[in-house]
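The analysis underlying the following values was restricted to heavy atoms, covering all of them including side chains, and did not include hydrogens, waters or symmetry mates. When a ligand or atom number is given, it counts from 1 through the structure's own listing order. Counting from 1, the numbers follow the sequence of the chain as shown.
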Amino acid sequence: MKIKDNIILQFSLVTFIIIFAVASSLAVLLTRRMTDETIHQHIDFYPSLAKSFIGSDESELLKLVKTDNPIDRPQEIFSRFGKFLNFGAIFRVKVWRLDGTVLWSDESAIIGKNFPTNEDFLIAKNGILHYEVAAPNKEEHEYERNVKKILEIYIPVKIDNDVACVVEVYEEADILFEKIKSDTLIIWALVAVSGLLIYSLLFIIFLRAHKRQAGISKNLHDTQEAVISSLAHQAEIRDIETGRHLDRTTEYVKILVNELKNPPPKFKVRESDRNYLTDEYVMDLIKSTPLHDIGKVGIPDAILCKPGKLTDEEFAIMRNHCGNGARILKMAEEKLTFTSFLSIGIQLVLSHHERWDGQGYPKNLKGEEIPLSARIMAVADVYDALRTERCYKKSFDHKKCVEIIKEGRGTQFDPIIVDGFLQKEGEFEKISINLAD
Ligand SMILES: [Fe+2]
Ligand SMILES: [Fe+2]
């Protein structure tokens with residue numbers, strides 16, 4: 001079954017995609033937030049640690065970082081911030097002056113160099129404790145070879161609420177990230193389980209609603225069928241000689257319309273007719289077929305049940321059954337707010353006695369002016385009338401019926417539909433026997 005025809009599959013797919021997208025975005029956001037909070041918990045006291053290294057020596061430090069040539073006095077800087085190298089997993093320290101000059105580092109090659117546009121330094125220079133997660137530079141630094149993650153932490157050192165300098169430390173963060181990794185797994189597992197629960201819940205609710213709706217639709221459908229059947233038999237019950245005419249003509253219409261919808265390779269169906277033949281059209285046509293003589297309810301018994309041939313006046317009254325039937329269905333259709341099978345039913349009821357050559361009734365429509373539904377119905381209706389005994393005629397055998405229909409090709413009947421009939425006449429015969437009165 002195609003996805004577009006399966007509402008449950010459509011719902012499952014769309015819901016799954018939406019929940020998957022929302023859940024993974026949520027998990028990414030939560031992971032980022034958790035990572036940031038874990039790192040901050042770990043480094044938030046670093047500014048006060050830096051201050052503790054300065055001790056009561058604040059004014060001396062201020063002088064030191066503001067002198068014109070402080071790199072001449074690296075030992076004094078080292079004596080203060082070099083203590084970071086003995087703290088935890090910190091393995092590198094850089095001390096920045098506010099103009100971007102590195103005043104001191106254990107990496108002596110960069111002492112005195114100026115990096116005024118370093119973005120991380122600029123953030124810390126504004127008084128914000130800032131960090132970056134970096135991969136170790138294994139090519140350049142032998143000691144970073146066994147490290148997986150490095151935290152580069154930029155610590156603003158404040159004296160009297162003003163940033164005096166920035167201390168940058170590198171810290172091996174493998175243990176910290178192991179913890180972050182296990183917390184990340186927990187977050188993803190929780191989000192995945194919650195997503196699955198919501199999905200299952202929605203699926204169950206949808207399935208129940210769908211089942212209930214399907215039940216209601218089935219009841220409506222069955223009611224509709226029952227009403228159509230009882231309407232159709234209103235006329236049939238008075239016309240005692242028609243017997244199982246409605247059942248048989250419905251079967252004949254089914255055969256013809258399916259033959260036209262799925263024609264064998266050599267059988268060419270008109271393009272204009274093919275466009276009509278959707279699944280919905282076929283369904284509506286079959287549903288409408290039993291109603292084709294509904295208008296006979298308005299024909300007096302004396303005419304409808306008259307044994308023998310009708311006079312011209314009587315036949316003129318009999319012809320009204322097409323218009324009467326169409327009016328009955330139109331009244332029903334006007335009460336509906338949607339397009340129903342009745343639209344096709346009205347065309348079929350009104351025009352099933354029209355002839356291809358324009359000599360039919362009630363409107364003398366000709367050729368393709370006659371709706372396709374009525375052209376199909378005409379062949380099915382006449383075949384059955386010929387094949388069964390009526391009060392005014394004997395029944396013909398199947399062969400004779402086929403001959404008469406063939407003779408009507410292009411005069412009484414649409415030639416293409418007669419061709420369709422000739423392809424399937426064997427099946428017509430079987431139905432005429434199986435559903436005989
Ligand atoms: Fe009729
Ligand atoms: Fe009929």
Side-chain angles (χ1 to χ4, degrees), residues 228-257 285-307 309-310 312-330 341-342 344-356 358-365 370-396 401 404-405 408 412-414 417-418 421 428 431-432 435-437:
I228 295 168
S229 165
S230 97
L231 267 176
H233 285 88
Q234 275 209 18
E236 198 191 41
I237 213 159
R238 291 171 57 229
D239 190 3
I240 45 168
E241 291 190 343
T242 55
R244 298 179 74 186
H245 173 64
L246 299 183
D247 298 336
R248 286 188 302 267
T249 45
T250 304
E251 293 305 311
Y252 298 148
V253 165
K254 252 186 224 175
I255 294 170
L256 286 175
V257 76
L285 172 58
I286 293 167
K287 215 185 268 182
S288 308
T289 303
L291 295 173
H292 69 277
D293 276 336
I294 178 86
K296 283 188 180 171
V297 290
I299 307 297
D301 282 351
I303 298 172
L304 189 67
C305 310
K306 181 181 174 183
K309 279 213 161 189
L310 299 178
D312 287 349
E313 292 79 36
E314 287 167 338
F315 193 60
I317 294 169
M318 188 64 161
R319 284 171 163 190
N320 290 337
H321 81 275
C322 303
N324 289 344
R327 264 192 298 279
I328 293 171
L329 298 192
K330 248 181 205 159
F341 77 100
L342 290 174
I344 291 174
I346 291 165
Q347 295 177 343
L348 179 145
V349 168
L350 186 65
S351 306
H352 69 281
H353 287 290
E354 298 286 3
R355 288 173 51 113
W356 185 253
Q359 302 300 306
Y361 64 89
K363 292 189 171 175
N364 300 110
L365 297 180
I370 308 166
L372 176 65
S373 55
R375 281 181 266 142
I376 295 171
M377 187 69 226
V379 172
D381 200 23
V382 171
Y383 173 83
D384 197 64
L386 292 169
R387 190 79 176 93
T388 48
E389 193 178 326
R390 297 283 165 98
C391 53
Y392 51 89
K393 67 168 261 300
K394 290 257 173 236
S395 68
F396 295 124
C401 297
I404 297 173
I405 300 272
Q412 185 170 359
F413 308 115
D414 177 350
I417 293 169
V418 172
F421 165 78
F428 272 64
I431 289 164
S432 71
L435 297 179
D437 295 329

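Shown are Val297, Leu342, Leu291; of these, the side-chain contact (heavy atoms from CB on, under 4.5 Å) with Ile328 is made only by Val297.
Between His353 and Tyr361, the angle of the ring planes stays under 30°, which puts this pair in the parallel group of the 30/60° scheme.
To the nearest 10 degrees, the Fe ion (ligand 2) sees NE2 of His292 and NE2 of His245 at an angle of 90°. An angle of 90° is found at the Fe ion (ligand 1) between His353 atom NE2 and His352 atom NE2, rounded to 10°. Considering the Fe ion (ligand 1) as centre, the angle to OD1 of Asp293 and to NE2 of His321 is 80° (10° rounding).
Ion pair Glu251/Lys254 flagged as a salt bridge, since at least one NZ, NE, NH1 or NH2 atom sits closer than 4.0 Å to an Asp/Glu carboxylate oxygen.
Residue contacts to the Fe ion (ligand 1): Asp381 brings no N, O or S atom closer than 2.8 Å.
Looking at every heavy atom in both residues, Leu329 comes nearest to Ile346 through CB-CG1, 3.6 Å.
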